[in-house]
Asker: 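Take this structure first; my questions come after.
Values below: every heavy atom of this structure, side chains too, minus hydrogens, waters and symmetry copies.
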Amino acid sequence: MGGFWPVGDVLGYLAGDWRVRRVARDLAGGDEGSFDGTTAFRPLAEDDGGLLHEERGTFTWRSVARPAERTLRFLPGPVPGTADVRFADGRFFHDLDLTRGHHVADHPCSADLYRGEFTVLDADRWRTVWRVRGPAKDLILTTHYTRAQGPTGS
């Protein structure tokens, strides 16, 4: 299947701890930065079957390192095994269907468009590539996730 690893249950696959390495490239200005950290997917307190995604680490841009973090909510999607990804405040971000091991999602943000490509490489590795285009941004954000412990199931 083109090297993709199909996942029958995206929330089950993501649950647990991951090491994260992200490279951010500004295509307009030529700058490149990186993020190194961890992501934890834990059950939501509401017990609705969703996961709280908490990412923490260090973002380095133009040789300046700063702490960085973000929180997302991964809720059960409309089709079994899929997810509805939302920002921490509940706003919709994108859908996620990894049943074929690969998914593309769009997220309009003001006049810019974020197009995310999600690829599952195997039981313990997956990748996202966000291409951001518009009047305010021209970026590529490539993130590699590696499971910090053994598989939790897929």
Side-chain angles (χ1 to χ4, degrees), residues 1-25 27 33-57 59 67-154:
M1 225 182 180
F4 303 142
W5 182 276
V7 171
D9 175 9
V10 69
L11 297 176
Y13 174 78
L14 293 175
D17 298 319
W18 299 83
R19 289 184 306 275
V20 180
R21 169 76 174 153
R22 177 175 302 120
V23 174
R25 291 182 27 218
L27 300 178
S34 65
F35 173 87
D36 289 290
T38 59
T39 295
F41 288 90
R42 301 279 184 259
L44 282 166
E46 299 85 58
D47 193 29
D48 60 3
L51 297 172
L52 183 66
H53 162 279
E54 294 180 305
E55 181 177 272
R56 289 184 171 76
F59 182 63
E69 61 183 52
R70 74 173 173 169
T71 301
L72 298 170
R73 299 164 63 86
F74 283 62
L75 305 175
V79 175
T82 66
D84 179 23
V85 182
R86 297 189 170 265
F87 293 105
D89 64 7
R91 289 176 298 126
F92 180 76
F93 186 12
H94 64 83
D95 61 334
L96 185 59
D97 180 352
L98 296 176
T99 56
R100 293 190 173 134
H102 183 257
H103 182 72
V104 175
D106 288 340
H107 174 74
C109 184
S110 297
D112 298 323
L113 177 66
Y114 285 66
R115 171 159 285 164
E117 181 178 357
F118 301 79
T119 305
V120 180
L121 304 170
D122 59 35
D124 298 315
R125 297 179 305 127
W126 60 290
R127 173 184 67 228
T128 64
V129 178
W130 284 97
R131 179 66 170 99
V132 186
R133 291 184 179 152
K137 297 176 185 163
D138 191 7
L139 306 169
I140 295 179
L141 308 168
T142 304
T143 307
H144 293 271
Y145 297 85
T146 304
R147 194 178 301 280
Q149 301 172 4
T152 58
S154 55

Asker: Under the salt bridge (charged side-chain N to carboxylate O under 4.0 Å, His left out) definition, can you give me all pairs with a residue in residues 129-140, not counting sequence neighbours?
Answerer: Arg131-Asp138
Asker: Once the angle between the rings of Tyr114 and Trp130 is folded into 0 to 90°, is it parallel (under 30°), tilted (30 to 60°) or perpendicular (over 60°)?
Answerer: perpendicular
Asker: Evaluate side-chain contact (heavy atoms from CB on, under 4.5 Å) for Thr38 paired with Trp18, printing each intermediate quantity in order.
Answerer: CA-CA 6 Å; Thr38 59; Trp18 299 83; over 6 Å; no
Asker: So, for Ala24 and Leu141, which heavy atoms are closest and what is the spacing to 0.1 Å?
Answerer: CB-CD2, 3.4 Å
Asker: Tell me whether the guanidinium CZ or amine NZ of Arg147 lies under 6.0 angstrom from the six-membered ring centre of Tyr13 and within 45° of its axis.
Answerer: yes
Asker: If you count the non-hydrogen atoms of other residues, nucleotides and ligands that lie under 6.0 Å from CZ in Arg115, is the total more than 12?
Answerer: no
Asker: Ignoring hydrogens and angles, tell me if any N or O in the side chain of His107 forms a donor-acceptor pair with the backbone of Phe93 under 3.5 Å.
Answerer: yes
Asker: Return yes when atom CZ of Arg25 has more than 12 non-hydrogen atoms of other residues, nucleotides or ligands closer than 6.0 Å, and no otherwise.
Answerer: no
Asker: Test of understanding: with side chain to side chain donor-acceptor pair (under 3.5 Å), list the residues that count as partners of Thr119, not counting sequence neighbours.
Answerer: none
Asker: Between Arg42 and Asp17, is a salt bridge (charged side-chain N to carboxylate O under 4.0 Å, His left out) present by the stated rule, with each step listed?
Answerer: CA-CA 9 Å; Arg42 301 279 184 259; Asp17 298 319; 2.5 Å; yes
Asker: CZ of Phe118 to OG1 of Thr143: how many Å apart, nearest 0.5 Å?
Answerer: 9.5 Å
Asker: What pairs with Arg19 under salt bridge (Lys or Arg N to Asp or Glu O under 4.0 Å), at least two apart in sequence or on another chain?
Answerer: none
